[in-house]
Amino acid sequence: MNNFPYPSWLNDAVFYEVYPQSFQDCNGDGIGDLPGVIRRLDYIRSLGCNAIWLNPCFESPFEDAGYDISDFYKVAPRYGSNADLARLFEEAHARGMKVCLDLVAGHTSTKHPWFQASARAERNEDSDRYVWTDSVWTNVPQGLSQISGYGERDGNYVNNFFHFQPALNYGFAKPDPAQPWQLPVDHPVCRATREEMKNIMRFWLDQGADGFRVDMASSLVKGDPDFTATMALWAEMRELYDREYPEAVLIAEWSDPARAIPGGFHIDFLIHFNFPGYTSLFRAEPDRDLFRIFKDLGGSFFDAAGQGNIRVFLDEYLHHLKLTEGQGFISLPTGNHDIMRLAHGRSPEELRVALAFLFTMPGVPYIYAGDEIGQRYVEGLVSKEGGYNRTGARCPMAWDDTPNAGFSTADPAMLYLPMDPRSDRPTVAEQENDPESPLNLVRRLLALRRENAALGNDAPFQPLYAEANRYPFVYLRGNPDDGVLIAVNPAARTETCTFSLERSHSLRPLLSSPATIEADETHLTLTLPPVSFGIWGLAPEKEKDQ
Ligand code: NOJ
Ligand code: CA
């Protein structure tokens, strides 16, 4: 056991999310694969990322892009073999990188043999592996969703997301005694579900995986409005990690760090710029639309229109930070496969300001593949594998100016999804040579983060100027003596602010410093041009006097 409540590698971890089907195709069938991820490991490393989150790569009918698993122990043939995945672990480790997989713990595909058995009329050992009511005329309690009339079994099953994603049975926090089909969490059948999930994790951790991102982590125990039983479940899973795999990590898709971290996760995402309505599916309190700092919901803070309110984000963020500091990490991802691309509707300057913010905040940074070049959302696509409006955020990675932008040698008609058809689509190759490109900005920001302890994942954070409906936003990382000061002004107008700094106010530019700075004994006044950011190192006062 180490002295941290988490493995020490998380202190400087930076993750890169690989959506395998859209990343790099190696065998020319038009679909990205595991050999493709291996081929691009050096590129991922070159960004300053030292960890990967791989979306589900297991056998699946792919009705929800692999979040509908039919065999947890087998890599989907379209991505390669179990041996390819083991090789990915090896190749990554040889480069000092970690690989975390995606654990879809809450549900399976209806095609999974467990569900097929469970849906049969006659009792069998899988009958209670999923949550079924005792007749098709018995409805599930409010707040849960059900599918009726699936097959011969006389009952409705609870589905977690789409209709083909039946909920595995982890029991009810407070089963209704009048509804005996609602099993308690400690029922042997529900215990068996937990044990099976542990075995799935052990199986891949033993092959070299470094942890799991857990899909819909808050969804497991049913009828658990305050999530007490769900947290207890994850705390038990965490014990397995601390005991058997102390270097491995559990990452939640919960978007409620104040619950997820005390519940046992090492990291939780605050998913902060979703499509309208989507966030609420995962949030503890569905009515809170608190993360409007980015553009697609309108009125966001990171928008040249400058109509946003940083406090909407910040008050919520600080609440979570206070309750989790020192125990685990909050992640503010650049995006993911479910949400709008960061670059969407955003000018290159706006994108730069957003990136500067994301990579100077505390927590473990996550880059969704392509966001480092400002890859764009593709409008108007027909839904692919349950993507619906998420589909346009899942188009293949554009590497260079060869056919299919280097993603695949297949006929363009055979690609998993079309490439961004715009002639000015960003590519890695073109941005490599441009010192001002988003790609090189990401590299510089991540290098700065590595080189300055004050920008570390666990280093302190203190807002210095964060007024409701005002710009800019200024914050300090590390200590006032030798910390790093960051100011972001996403608005398309010059903004000035004055604030006090406890000790020293001698500023040394670290990356960009477009601002005019005036300092007196106790105050700093910063004037930032439209759509700009600055990052400065704080030097102790005596140095300034010399
Ligand atoms: C969250 C995943 O990120 C998303 O892609 C998936 O559709 C749902 N969970 C259901 O598993
Ligand atoms: Ca392929």
Side-chain angles (χ1 to χ4, degrees), residues 15 17-40 53-58 60-70 72 75-81 84-85 88 100-110 112 145 158-168 212-220 251-255 260 268-269 271 274-275 277-283 331 333 335-340 366 368-369 383-394 396-397 404 406-411 414-417:
F15 273 81
E17 180 196 343
V18 173
Y19 195 66
Q21 52 270 61
S22 295
F23 194 56
Q24 176 69 64
D25 172 24
C26 265
N27 63 354
D29 66 354
I31 303 181
D33 43 44
L34 293 174
V37 185
I38 295 171
R39 189 198 283 179
R40 297 293 184 179
W53 156 31
L54 194 63
N55 291 103
C57 56
F58 311 107
S60 164
F62 291 105
E63 292 176 282
D64 184 18
Y67 283 95
D68 48 329
I69 292 173
S70 54
F72 287 92
V75 165
R78 76 183 200 183
Y79 297 135
S81 62
D84 288 320
L85 187 50
L88 171 62
C100 293
L101 302 177
D102 211 314
L103 185 76
V104 187
H107 50 266
T108 70
S109 160
T110 45
H112 196 294
S145 164
V158 173
N159 65 309
N160 271 352
F161 197 67
F162 291 136
H163 71 91
F164 48 78
Q165 287 161 317
L168 284 162
F212 287 90
R213 172 269 194 188
V214 178
D215 187 66
M216 293 177 72
S218 65
S219 74
L220 271 50
I251 305 150
E253 185 203 35
W254 193 321
S255 209
D268 185 22
F269 296 104
I271 301 170
N274 280 337
F275 288 113
Y278 189 84
T279 322
S280 59
L281 289 171
F282 304 113
R283 293 194 54 76
S331 279
N336 71 31
H337 60 290
D338 292 331
I339 59 187
M340 183 48 82
Y366 273 76
Y368 175 44
S383 176
K384 175 85 176 184
E385 297 184 349
Y388 301 97
N389 62 348
R390 306 175 292 180
T391 305
R394 299 174 172 187
M397 183 81 181
N404 300 323
F407 163 65
S408 168
T409 55
D411 183 315
M414 297 294 293
L415 297 187
Y416 175 74
L417 277 170

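For ligands, and for the atoms within them, numbers begin at 1 and follow the listed sequence.
By the 4.0 Å N-to-carboxylate-O rule, Arg39 lies too far from Asp25 to be salt-bridged with it.
Excluding waters, the protein N/O/S atoms found under 3.0 Å from the Ca ion (ligand 2) are Asp25 OD1, Asn27 OD1, Asp29 OD1, Ile31 O, Asp33 OD2.
The closest approach between any non-hydrogen atom of Glu385 and ligand 1 is not below 4.0 Å. Not a single heavy atom of Val104 sits less than 4.0 Å from an atom of ligand 1.
The minimum heavy-atom distance between Arg78 and Asp33, with the atom names listed, is O-CB, 3.9 Å. Residues Gln21 and Phe407 share a closest heavy-atom pair of O-CZ, 3.4 Å.
Because its NZ or CZ atom is not both nearer than 6.0 Å to the ring centre of Tyr366 and within 45° of the ring axis, Arg213 does not count as a cation-pi partner of that residue.
Asp64 places no side-chain N or O within donor-acceptor distance of the main-chain N or O of Asp68, the cut-off being under 3.5 Å. Panel note: side chain Asp268, backbone Ser255; a donor-acceptor pair is recorded below 3.5 Å. At least one donor-acceptor pair under 3.5 Å links the side chain of Glu253 to the backbone N or O of Met216.
Remark: ligand 1 atoms within the under-4.0 Å shell around heavy atoms of Arg394 are 5 (O). In the vicinity of Asp215, heavy-atom distances shorter than 4.0 Å reach the ligand 1 atoms 1 (C), 2 (C), 3 (O), 8 (C), 9 (N), 10 (C), 11 (O). Of all atoms in ligand 1, listed by their number and element, those nearer than 4.0 Å to a heavy atom of Arg390 are 4 (C), 5 (O), 6 (C), 7 (O).
Here the CZ-OH distance, from Phe58 to Tyr67, works out to 10.5 Å after rounding to the nearest 0.5 Å. Within the model, atoms CD of Glu385 and OG of Ser60 stand 7.5 Å from one another, a figure rounded to the nearest 0.5 Å.
Heavy atoms of Arg213 found under 4.0 angstrom from ligand 1 belong exclusively to the side chain.
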